[in-house]
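None of the values given here were measured: they were computed from a predicted structure. Here is how names work: the chains are called A, B, and so on, in the same order as the sequence lines, proteins then strands, and each is numbered from 1.
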There are 2 protein chains.
Amino acid sequence: MLKEERFQLILTQLGQDQKVHLTDLSHVLKVSEDTVRRDIKELADQGLLKSVRGGAVPHSPGPHRFKDRVEYGNDQKQIIANKALRFLKDGQVAIFDGGTSAMLIAQALPKDIQLTVVTNSFPIASILEEHEKVEVLFAGGRLLKNSFVTIGNETIQYFRKFRADICFSGICSIHPELGVTGPDYEESEVKRAMVESSREIIALSTLEKLGTAEAYYVCPTNQLTTIITDQPDNLDAFEIYKVMGIKMV
Amino acid sequence: MLKEERFQLILTQLGQDQKVHLTDLSHVLKVSEDTVRRDIKELADQGLLKSVRGGAVPHSPGPHRFKDRVEYGNDQKQIIANKALRFLKDGQVAIFDGGTSAMLIAQALPKDIQLTVVTNSFPIASILEEHEKVEVLFAGGRLLKNSFVTIGNETIQYFRKFRADICFSGICSIHPELGVTGPDYEESEVKRAMVESSREIIALSTLEKLGTAEAYYVCPTNQLTTIITDQPDNLDAFEIYKVMGIKMV
DNA sequence: ATACTATTTGCAATAATTTGCAACTTTAAT
DNA sequence: ATTAAAGTTGCAAATTATTGCAAATAGTAT
């Protein structure tokens with residue numbers, strides 16, 4: 001059995017039970033507990049789970065201080081978050097948008113990664129406050145009540161000053177011809193500024209949003225580098241790749 | 001059963017019943033009361049609940065969501081806050097700095113006043129989120145961990161764009177000749193930008209800070225419009241007025 | 001294919017943590 | 001003050017982690 005297979009099985013079981021025990025896994029995977037331990041350690045380093053004494057639990061989104069925090073086991077978006085983590089490398093400058101998807105990435109972020117994060121989201125800034133090695137650059141602007149993000153011209157100008165390595169954007173709708181679109185004018189404007197300030201753009205979306213369109217334009221579809229979806233096994237990935245020409249994960 | 005599982009169960013039950021008893025938990029979790037006690041202590045250290053005699057209760061939801069929030073009945077500063085409110089009029093543009101004094105003003109602010117508040121403080125923005133008629137303009141910049149304010153050139157540039165009616169600044173030291181000074185270079189720079197962007201400047205200070213000086217210069221003393229102190233009966237007010245030439249409240 | 005290197009895996013010894021118990025101290029209520 | 005319940009402390013037993021090392025496996029170049 002390949003190591004990757006074990007990883008897959010561990011993560012699957014973790015998703016089902018919200019916990020895994022070393023002894024169980026050792027039995028199921030037919031390897032020693034040491035190996036399971038090492039596997040868990042490796043997955044933990046990737047931020048895909050949290051290693052605890054005797055086993056592992058899902059990388060717990062630590063409670064933070066904003067109302068609109070996402071509930072514990074939001075499976076779909078959690079999957080997206082875990083996939084997204086693989087794209088982040090030490091020392092990068094990353095733009096995080098204000099949606100809940102990006103928020104979950106921040107929550108799932110390992111504590112030891114060194115990053116510069118540019119964001120317009122209070123919740124994300126608040127989460128990252130506990131990450132010693134993450135520098136947070138906050139985009140000023142008009143504060144949008146309820147969603148705790150800044151918007152407006154000031155915000156846009158702030159993002160324009162950067163050339164980030166990577167941008168995580170919770171994209172609303174993606175359409176091959178109509179491009180990326182959103183339901184809110186001002187937020188879409190801000191999203192455009194983010195997208196245009198980053199080398200690599202990771203769109204966070206659910207499958208059902210693909211092929212649909214909203215009122216306000218963000219950017220052409222081919223500007224996206226990667227689309228991350230909530231599909232655990234991306235059977236359709238190649239199919240969509242053919243249609244869209246973008247790498248799916 | 002993993003320790004994490006116990007934690008999860010304790011928190012879940014706490015969410016349901018708003019309380020948990022040591023003896024019950026000991027029975028449910030099948031561990032000794034000592035262990036439950038230790039678990040509760042650990043969770044309490046993380047701020048996830050409050051340990052009380054015989055069990056635990058949910059962590060009391062404070063007025064807002066930031067760690068460094070000031071306790072409600074901080075008398076001295078509360079006095080300052082109440083005095084400060086008299087200066088605020090409907091429709092004004094007000095700058096609030098990041099200190100705890102300004103925070104208390106925000107907390108004491110009536111819900112029905114219409115204001116535009118410019119600030120670089122997360123806690124203040126968070127507090128004002130509940131004020132329907134207050135528009136919050138947030139100054140971007142580098143996020144200072146622990147104190148939850150933004151600083152740096154970006155922040156300064158943001159404030160420079162405004163001409164506010166009034167500015168509340170938690171001043172550290174005020175000296176007749178040496179002027180207003182602070183202990184931190186970057187924060188002092190930001191304060192200067194705030195002060196220079198406002199018509200009226202209300203310094204929030206305690207009496208013992210008067211006549212002292214710190215390392216970093218903010219502005220000349222005569223640039224202040226008013227000094228608000230924690231002295232309930234301002235007997236010395238006239239005396240200080242004579243010395244400083246500034247109205248005391 | 002073969003030989004060589006690098007990685008992975010299991011095992012054993014050692015270290016660290018967790019847990020329950022017992023003795024003792026503190027707290028709260030009568 | 002007295003008393004019972006809860007909390008604290010120290011300690012030994014059990015469980016879990018870590019480390020070094022040798023055998024097995026996979027990968028690579030000749």
Colleague: May I ask you to check whether over 12 heavy atoms, not counting those of K89(A), lie within 6.0 Å of atom NZ?
Modeller: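 More than 12 heavy atoms, drawn from other residues, nucleotides or ligands, come within 6.0 Å of this atom.
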Colleague: Rounded to the nearest angstrom, tell me the gap between atom CE in M1(B) and atom C1' in dT16(D).
Modeller: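 Atom-to-atom, M1(B) to dT16(D), this comes out as 18 Å.
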Colleague: How many whole angstroms separate atom CG of D39(A) from atom P of dG10(C)?
Modeller: 10 Å
Colleague: Please say whether more than 12 non-hydrogen atoms of neighbouring residues, nucleotides or ligands are located less than 6.0 Å from NZ in K161(A).
Modeller: yes
Colleague: Not counting sequence neighbours, which residues clear ring pair (Phe, Tyr, Trp, His ring centres under 6.0 Å) with F138(B)? List them please.
Modeller: F122(A), F138(A), F122(B)
Colleague: Is there any protein nitrogen or oxygen under 3.5 Å from a nitrogen or oxygen in nucleotides 8-15 of chain D, and what are the pairs?
Modeller:
residue : atom : partner : partner atom : Å
dT15(D) : O2   : R53(A)  : NH2          : 2.7

Colleague: With respect to F168(B), which candidate in V117(B), I124(B), I105(B) satisfies the side-chain contact (heavy atoms from CB on, under 4.5 Å) definition?
Modeller: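 Of the listed options, the one satisfying the test is I105(B).
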Colleague: Is T35(A) near enough to dG10(C) that one of its side-chain N or O atoms lies under 4.0 angstrom from OP1 or OP2?
Modeller: yes
Colleague: Using five pairs at either end of the helix from dA1(C)-dT30(D) to dT30(C)-dA1(D), determine the angle between the two local helix axes and round it to 10 degrees.
Modeller: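 The angle separating the two end axes equals 50°.
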Colleague: Report the C-alpha distance between E4(B) and R53(A) in whole Å, list the side-chain angles of each, state the deciding distance to 0.1 Å, and finish with yes or no for salt bridge (charged side-chain N to carboxylate O under 4.0 Å, His left out).
Modeller: CA-CA 9 Å; E4(B) 306 298 322; R53(A) 198 182 167 82; over 6 Å; no
Colleague: What pair of heavy atoms forms the shortest contact from A94(A) to L88(A), and how long is it?
Modeller: CB-CD2, 4.0 Å
Colleague: For L29(A) and dT8(C), give me the distance from atom CG to atom P, rounded to whole Å.
Modeller: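 In whole Å, dT8(C) P and L29(A) CG are 16 Å from each other.
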Colleague: Between dG20(C) atom P and K30(B) atom NZ, what is the distance in whole Å?
Modeller: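 Going from NZ in K30(B) over to P in dG20(C) covers 13 Å.
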Colleague: Can you check the E33(A) CD to dT19(D) P distance for me, whole Å?
Modeller: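 Between P of dT19(D) and CD of E33(A): 18 Å.
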Colleague: Rounding to an integer number of Å, can you tell me how far L22(A) CG sits from dT17(C) P?
Modeller: 17 Å
Colleague: Could you check whether any side-chain heavy atom of N120(B) comes within less than 4.5 Å of a side-chain heavy atom of F96(B), counting everything from C-beta outward?
Modeller: no
Colleague: It should be established whether R6(A) places a side-chain nitrogen or oxygen under 4.0 Å from OP1 or OP2 of nucleotide dT8(C).
Modeller: no
Colleague: Counting only heavy atoms not in K145(A), do more than 12 sit closer than 6.0 Å to its NZ atom?
Modeller: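 Yes - once you tally the heavy atoms of other residues, nucleotides and ligands closer than 6.0 Å, there are more than 12.
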Colleague: Can you check the L2(B) CG to dT19(C) C1' distance for me, whole Å?
Modeller: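 One finds 15 Å between C1' of dT19(C) and CG of L2(B), rounded.
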Colleague: Base, sugar-phosphate, or nothing for V52(B), non-hydrogen atoms under 4.0 angstrom?
Modeller: sugar-phosphate
Colleague: Figure out the CD/P separation between E5(B) and dT16(D), and round it to whole Å.
Modeller: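 Going from E5(B) (CD) to dT16(D) (P), I get 12 Å.
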Colleague: Stepwise, does the side-chain hydrogen bond (donor to acceptor under 3.5 Å, both in side chains) test hold for S32(B) with T35(B)?
Modeller: CA-CA 5 Å; S32(B) 74; T35(B) 301; 3.2 Å; yes
